[in-house]
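Presented below is the structure to which this report refers.
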Amino acid sequence: MTSPAGPGTAARGPGALPAPGGPPSRRRRAPIPHEPSGVHQVGASFLQIAATVGGMAVLAGQIAARVATLRVDGAEFMRNLYRMGVKSMPIVVVTALFTGAIMVIQAAPLVERFGAHGLLGWGAGFGTLREIAPLLTALMINGRVGANNTAELGTMVVTEQIDALRVLAIDPVSFLIAPRCLAMVLTLFLSVIFADALALLGAAFTGDLLLGVAPAVFYNGLTSGLLGIGDVVSGLVKSVVFGVVLALSSCQYGLGVTGGAPGVGRAVNATVVASAAGIFILDYFVSFTLD
């Protein structure tokens, strides 16, 4: 008997090759992925930012609860304070000295033009104490301490060390997160005080070297009444706000690492960018509020 397909041919199953000389089969092409629209990208970015900010708020509440009940590991706090604060002093010293020198160089043309040598201390001190010292110090601490904190926490998440702490009935927030956040805020606060003094020292030295303004004249401009304690407090308040932003963002991105080792690198990059953006945004609102 012959098959229904005709003499000399065999019945072909669904996966059989076409007969020689027959019509070519049509291959199914994979659908071309559509690029997301601009509205979709904006919405996705907004949801991602909202999720990050919400996670930081929840983390801040958990840290505040541990601090209020004194459930913070003291040894870990001191270790992080040394690692984040003391070891950051070289970069803070260099940044502060050159910040004061740059402020004098920028003011030098106007000082020479109008002969206002007595106002050089006020001009350098006003911008340094209120804005430049806290801002640049926060950015330096962000690049050194914030990125390192994110990398360490992200590595702990990837290697399941955070889960191991939970298995051992150790609270990761009390043992790891809260001490790091407190150390980072205190580090930035003390670093700004140190940077203010060094920046004014560098400004006085540069003014004496470039403009011939004696240090006594320079510091008289600082204490003549044009600058008050409010200018110093403004910079210190900003340092605390910046420290909170750095601490929360670095811990949030570190704890949210996914995707193994590449995810750690992405988290470090996101931490530096998000912290810098948060510093500038909050700097505007704090300046607007205090002024």
Side-chain angles (χ1 to χ4, degrees), residues 81 84-142 144-145 182-246 279-291:
L81 192 61
M84 296 178 179
V86 176
K87 290 193 174 183
S88 297
M89 282 297 103
I91 188 64
V92 172
V93 170
V94 173
T95 302
L97 289 175
F98 279 95
T99 295
I102 291 171
M103 295 296 292
V104 172
I105 292 174
Q106 295 296 325
L110 291 178
V111 170
E112 289 289 338
R113 181 178 179 181
F114 296 102
H117 295 84
L119 295 178
L120 181 63
W122 169 80
F126 182 82
T128 299
L129 296 176
R130 295 183 64 92
E131 189 67 35
I132 304 300
L135 187 61
L136 292 183
T137 304
L139 293 177
M140 292 296 104
I141 297 296
N142 177 35
R144 185 191 180 279
V145 176
L182 290 178
M184 202 173 300
V185 173
L186 186 58
T187 292
L188 192 53
F189 178 77
L190 297 177
S191 295
V192 169
I193 296 177
F194 197 55
D196 286 342
L198 288 176
L200 295 178
L201 180 63
F205 177 78
T206 306
D208 188 17
L209 183 65
L210 297 182
L211 303 176
V213 178
V217 176
F218 180 88
Y219 287 112
N220 183 57
L222 287 173
T223 59
S224 60
L226 295 176
L227 288 177
I229 191 64
D231 298 307
V232 180
V233 172
S234 176
L236 296 181
V237 170
K238 290 180 180 180
S239 70
V240 175
V241 175
F242 296 163
V244 172
V245 172
L246 294 181
I279 286 172
F280 284 107
I281 293 173
L282 290 178
D283 185 21
Y284 169 80
F285 287 104
V286 173
S287 298
F288 184 81
T289 302
L290 295 180
D291 291 344

Scan the side chains in residues 88-103 for donor-acceptor partners under 3.5 Å anywhere in the protein, sequence neighbours excluded, and list what turns up.
| residue | atom | partner | partner atom | Å |
| --- | --- | --- | --- | --- |
| S88 | OG | M84 | O | 2.4 |
| S88 | OG | R144 | NH1 | 3.2 |
| T95 | OG1 | I91 | O | 2.7 |
| T99 | OG1 | T95 | O | 2.6 |

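How far CG of L282 is from CZ of F285: 8.0 Å, rounded to the nearest 0.5 Å. Note that CE of M184 and CG of L246 are 6.5 Å apart. Values are rounded to the nearest 0.5 Å. For the atom pair CG of L210 and CD of E112, the computed distance is 9.5 Å after rounding to the nearest 0.5 Å. Atom CZ of F218 sits about 5.5 Å away from atom CG of L120, to the nearest 0.5 Å. Note that the CG atom of L222 and the CZ atom of F126 stand 12.5 Å from one another [nearest 0.5 Å].
For the residue pair A138 and I279, the shortest heavy atom distance occurs at CB-CD1, 3.9 Å. Contact detail for L290 and S234: the closest heavy-atom pair is CD1-OG, 3.6 Å. Taking each heavy atom of G243 and L188 in turn, the nearest pair found is N-CD2, 3.2 Å. Listed here is the closest heavy atom pair of A124 and V104: CB-CG2, 4.4 Å. Between V192 and P134 the shortest heavy-atom distance is CG2-CA, 3.9 Å.
Contact annotation: the side chain of F280 approaches that of L139 to within less than 4.5 Å [non-hydrogen atoms, C-beta and beyond]. With contacts defined as side-chain heavy-atom distances shorter than 4.5 Å, the pair T137/I141 qualifies. For the pair V213 and D208, the minimum side-chain heavy-atom distance is 4.5 Å or more. The shortest distance between side-chain heavy atoms of S191 and M140 does not fall below 4.5 Å.
Judged by distance alone, the side chain of K238 and the main-chain N or O of R130 form a donor-acceptor pair under 3.5 Å. Listed for the S239 side chain is a donor-acceptor partner under 3.5 Å among the backbone atoms of L236.
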### Query
Are L135 and D283 close enough, and set up right, to give a side chain to side chain contact (heavy atoms under 4.5 Å, CB included), and what steps lead you there?
CA-CA 8 Å; L135 187 61; D283 185 21; 4.0 Å; yes

### Task
I would like to know whether L200 and D196 meet side chain to side chain contact (heavy atoms under 4.5 Å, CB included); could you show each step before the answer?
CA-CA 6 Å; L200 295 178; D196 286 342; 5.5 Å; no

